[in-house]
Protein chains: 2
Amino acid sequence: MAHSHDMPTDLTRNQELVLGTLTASSGPLSAYDILDRLRTEGLRAPLQVYRALEKLVDRGLAHRLESLNAFVACADAHCHRKGLIAFAICEGCGKVDEFADAVIESRLGAWAHAEGFKVERTTMEIRGRCAQCLKAA
Amino acid sequence: MAHSHDMPTDLTRNQELVLGTLTASSGPLSAYDILDRLRTEGLRAPLQVYRALEKLVDRGLAHRLESLNAFVACADAHCHRKGLIAFAICEGCGKVDEFADAVIESRLGAWAHAEGFKVERTTMEIRGRCAQCLKAA
DNA sequence: AAATGATATGTTATGTTATTACGCTTGCGG
DNA sequence: CCGCAAGCGTAATAACATAACATATCATTT
């Protein structure tokens, strides 16, 4: 297998370029970071990147990290939108770990049900230091 | 009692103005929203607001909503920084509900412990519709 | 093939959010 | 009084995001 991120075949050129850039990166990238890396491919304007990102995020192929104003490729080729995802972001090396927790999801659901709140989207981001960076320090 | 948010007495003038503006608002405000409301008080530059916000957030008197790039006064005069706080943000009316959940906090702690990740700060924001807005629709 | 509609694209300009850099002021402990 | 830390004011700029408009691409229907 070439790589674990088998890219969907129905992406447009811009979407493919943007997803490729995210996948190749070891950490989150801002839209402008992505743009800079794709100038050689002919991209010129922020909007070209933002539009591609919007589609990718909608499809669950990429995630937006709100606390960073940046984006990452989805770590799990199969996760596509099933349930709440939490992110652990290391301030040291910039690496992002993506995980799901059914208990947290159900607690949130319980709270929402009790309040009559209809959940549309949940953001959950942990900032701190990963094990590797702690060891190095 | 004048109001439930007994403002600390050791705030600087700018901090007091900013916190007062947040407290008076029914919803989150961006730094620039705050600035606009404080021009009459003599504030002129974004930095004056950002500096005040930084201190207020550090002290737990205000919170930053990452998914909105905006700020709210802490809803609970006594919450000052004890534990993880979640926010439910209504897309309809803009109201923000603030709550804590010990189970979620402990699940997060367990994950972090298992991974050797040192948590410094956690962001948790739910976007959706509040009961009142759902009823109105 | 022509007409239609939905989706994607390219480009310019602009809007919004946040920080850097610099210098002055104020208050407090030594 | 001196020195230092914290706060303040101002200007400039950086970083992030969208509006508005014109074109293009492609499948579907006529």
Side-chain angles (χ1 to χ4, degrees), chain A residues 7-22 25 27-59 61-72 89 91 94 96 121 123 125 127, chain B residues 7-22 25 27-59 61-72 89 91 94 96 121 123 125 127:
Chain A
M7 200 176 296
T9 57
D10 62 342
L11 297 175
T12 67
R13 170 173 159 80
N14 288 358
Q15 288 162 18
E16 202 176 304
L17 287 169
V18 168
L19 183 53
T21 304
L22 285 175
S25 168
L29 297 175
S30 76
Y32 281 75
D33 291 337
I34 296 169
L35 176 57
D36 286 340
R37 295 181 189 202
L38 290 175
R39 294 216 187 261
T40 56
E41 301 294 335
L43 267 66
R44 296 159 200 284
L47 203 46
Q48 295 176 289
V49 174
Y50 280 108
R51 288 202 274 228
L53 284 169
E54 188 187 355
K55 296 298 178 192
L56 294 171
V57 169
D58 279 354
R59 293 185 51 173
L61 298 170
H63 304 293
R64 178 189 174 94
L65 300 173
E66 301 284 359
S67 68
L68 242 38
N69 293 326
F71 301 83
V72 285
I89 302 165
E91 318 260 39
V96 177
R121 192 158 69 74
T123 295
E125 299 174 18
R127 309 286 293 264
Chain B
M7 202 176 294
T9 56
D10 62 342
L11 297 175
T12 67
R13 170 173 158 81
N14 287 358
Q15 288 163 18
E16 202 176 303
L17 287 169
V18 168
L19 182 53
T21 304
L22 284 176
S25 168
L29 297 175
S30 77
Y32 282 77
D33 290 338
I34 295 168
L35 176 57
D36 286 340
R37 296 182 189 201
L38 289 175
R39 294 217 186 260
T40 56
E41 301 294 336
L43 267 65
R44 296 160 199 284
L47 201 46
Q48 295 176 290
V49 174
Y50 280 108
R51 287 203 273 229
L53 284 169
E54 188 187 355
K55 295 299 177 192
L56 294 171
V57 169
D58 278 354
R59 294 185 51 173
L61 298 170
H63 304 292
R64 178 188 174 95
L65 301 173
E66 301 284 359
S67 67
L68 243 37
N69 294 325
F71 301 83
V72 286
I89 302 165
E91 318 259 40
V96 177
R121 190 158 68 73
T123 295
E125 299 174 18
R127 308 287 293 267

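What you see below is based on every heavy atom in this structure, not just the backbone, and it leaves out hydrogens, waters and symmetry mates. Numbers restart at 1 for each chain; the letters A, B, ... are given by sequence-line order, proteins then strands.
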Atom CD of B/Glu16 to atom P of D/dG7: distance rounded to whole Å? 14 Å
B/Glu66 with B/Arg121: basic N within carboxylate O range, under 4.0 Å: yes
Taking for each residue the nucleotide of DNA chain D bearing the nearest heavy atom, is the 5' side occupied by B/Asn69 or by B/Ala45? B/Ala45
Contact class for B/Ala31 (heavy atom, under 4.0 Å): base, sugar-phosphate, or nothing? nothing
Looking at D/dT18 and A/Tyr50: do their rings stack (centroid distance under 5.5 Å, interplanar angle under 30°)? no
Rounded distance (Å) that lies between atom C1' of C/dT9 and atom CG of A/Leu11: 16 Å
Trace of the side chain to side chain contact (heavy atoms under 4.5 Å, CB included) decision for B/Thr21 with B/Asp33: CA-CA 10 Å; B/Thr21 304; B/Asp33 290 338; over 6 Å; no
For B/Leu53 and B/Arg64, run side chain to side chain contact (heavy atoms under 4.5 Å, CB included): C-alpha distance rounded to whole Å, both residues' side-chain angles, the deciding distance at 0.1 Å, then the answer. CA-CA 9 Å; B/Leu53 284 169; B/Arg64 178 188 174 95; over 6 Å; no
Atom-pair distance (CZ on B/Arg39; P on D/dG9), nearest Å: 13 Å
For the side chain of A/Pro46, counting heavy atoms from C-beta on, which of D/dT18, C/dT17, D/dA20 is nearest? D/dT18
The residue, A/Ala52 or A/Tyr32, whose nearest nucleotide of DNA chain C is more 5′ is A/Ala52
For D/dG9, take OP1 and OP2 only and decide whether either is under 4.0 Å from a side-chain N or O of B/Arg44. no
Can you tell me how far C1' of D/dG7 sits from CD of B/Glu54, to the nearest Å? 12 Å
Kindly compute the distance separating CG (A/Leu38) from CD (A/Gln48), expressed to the nearest 0.5 Å. 9.5 Å
Pick one: which of B/Leu17, B/Leu29, B/Leu19, B/Leu43 meets side chain to side chain contact (heavy atoms under 4.5 Å, CB included) with B/Ile34? B/Leu29
Scan A/Arg51 against the nucleic acid and name what it touches under 4.0 Å (heavy atoms): base, sugar-phosphate only, or nothing. base
Is the distance from OP1 or OP2 of D/dG7 to the nearest side-chain N or O of B/Thr12 less than 4.0 Å? no
Distance, rounded to the nearest Å, where A/Asp10 contributes CG and C/dA6 contributes P: 20 Å
In whole angstroms, the gap separating P of C/dG10 from CG of A/Leu43 amounts to 6 Å
Separation of D/dA14 P from A/Leu35 CG (nearest whole Å): 16 Å
Please check the phosphate of D/dC8 (OP1 and OP2 only) for any side-chain N or O of B/Gln48 closer than 4.0 Å. no
Does a nitrogen or oxygen in the side chain of B/Asn14 sit under 4.0 Å from OP1 or OP2 of D/dG9? yes
The answer to which of B/Leu68 and B/Leu47 contacts DNA chain C further toward the 5' end, by nearest nucleotide, is B/Leu68
For the side chain of A/Arg64, starting at C-beta, report the closest nucleotide among C/dA18, D/dA17, D/dC16. D/dA17
Starting from P on C/dG10, measure out to CG on A/Leu38 and report it in whole angstrom. 12 Å
